[in-house]
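Let me begin by presenting the structure, written as structure tokens, before commenting on it.
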Amino acid sequence: IKQTFSNKIDYSVHKSEGAIFLWIWFKNLKSGSIDLYNRLKKRGVIIVPGEYFFYGLPDADNNWQHRHQCVRVNYSQDFDVVKQGLDIIAEEVSRE
């Protein structure tokens, strides 16, 4: 991921602990993860917007930016496919 996301992208990756997906937090994502999902879908890359995973938490209201800045990415495919998808994600996030 470090090779794909330049220093211009402020992000963190949550520890996967053996899962087949990664949670990536784009700390300066202004448009939100649902908008990012829609832009990526047009380019053939599917992520899961973070908004869907923060329901029921007391501080997870719409004003809590973290819920709008996280995405879930499956990385259980061939390395080249995952790398291509991450490159496209980086391009879209860099446009913010």
Side-chain angles (χ1 to χ4, degrees):
I1 287 182
K2 289 181 182 181
Q3 294 173 338
T4 298
F5 297 149
S6 70
N7 292 336
K8 295 178 183 178
I9 299 175
D10 190 6
Y11 74 97
S12 293
V13 177
H14 295 266
K15 186 176 180 182
S16 69
E17 298 184 20
I20 61 170
F21 57 84
L22 294 176
W23 279 101
I24 305 174
W25 175 22
F26 297 109
K27 299 173 185 176
N28 295 318
L29 187 65
K30 294 176 182 71
S31 64
S33 64
I34 292 176
D35 181 69
L36 179 61
Y37 162 81
N38 287 319
R39 292 182 353 234
L40 290 169
K41 183 178 175 186
K42 289 177 185 175
R43 297 188 65 188
V45 176
I46 303 297
I47 55 138
V48 182
E51 279 93 334
Y52 301 125
F53 294 91
F54 289 94
Y55 57 91
L57 298 176
D59 55 353
D61 60 43
N62 275 335
N63 296 323
W64 189 43
Q65 289 305 304
H66 185 81
R67 76 184 298 248
H68 301 287
Q69 298 167 332
C70 288
V71 299
R72 192 171 90 165
V73 177
N74 183 309
Y75 66 94
S76 65
Q77 297 188 34
D78 182 69
F79 174 82
D80 293 334
V81 172
V82 174
K83 174 75 167 92
Q84 181 180 15
L86 290 173
D87 288 344
I88 292 170
I89 292 169
E91 288 174 18
E92 289 298 327
V93 171
S94 293
R95 294 180 179 168
E96 300 257 336

Ignoring hydrogens, what is the shortest heavy-atom contact between K83 and D87? Give both atom names and the distance.
NZ-OD1, 2.7 Å
R43 CZ to I89 CD1 distance, which is reported to the nearest 0.5 Å:
10.5 Å
Could you go step by step and tell me if W25 and V13 meet the side-chain contact (heavy atoms from CB on, under 4.5 Å) rule?
CA-CA 6 Å; W25 175 22; V13 177; over 6 Å; no
Identified side chain to side chain contact (heavy atoms under 4.5 Å, CB included) counterpart of F5 within the set V93, L86, D10:
L86
Any idea which heavy atoms bring Y37 and I47 closest together, and the distance?
CD1-O, 3.2 Å
Same apolar cluster: V71 and V81, side chain cutoff 4.5 Å:
no
Is a side-chain donor or acceptor of E96 paired with a backbone partner of S31 at a separation under 3.5 angstrom?
yes
If you round to the nearest 0.5 Å, how far is CD of E91 from CZ of R39?
11.5 Å
Do I20 and F53 belong together in a cluster built from hydrophobic side chains that touch within less than 4.5 Å?
yes
In the structure I gave you, are the side-chain heavy atoms of S94 and I9 within less than 4.5 Å of one another anywhere?
yes
In this structure, CZ of R67 is separated from CD of Q65 (nearest 0.5 Å) by 10.0 Å
Taking all heavy atoms of C70 and all of S33, pick out the closest pair and write down the distance.
O-CB, 3.3 Å
Spacing of E92 atom CD and N38 atom CG [to the nearest 0.5 Å]
11.0 Å
Do S16 and Y75 have side chains that get closer than 4.5 Å, going by heavy atoms?
yes
Working to the nearest 0.5 Å, report the span between CD of E51 and CG of D35.
10.0 Å
Answer yes or no: is there a side-chain heavy-atom contact under 4.5 Å between F21 and W23?
yes
Indicate yes or no: at least one non-hydrogen side-chain atom of Y11 is less than 4.5 angstrom from one of N28.
no
Neighbour count >12 (heavy atoms, 6.0 Å) for atom NZ, K27:
yes
Going from CG on L36 to CD on Q69, what distance comes out if it is rounded to the nearest 0.5 angstrom?
11.5 Å
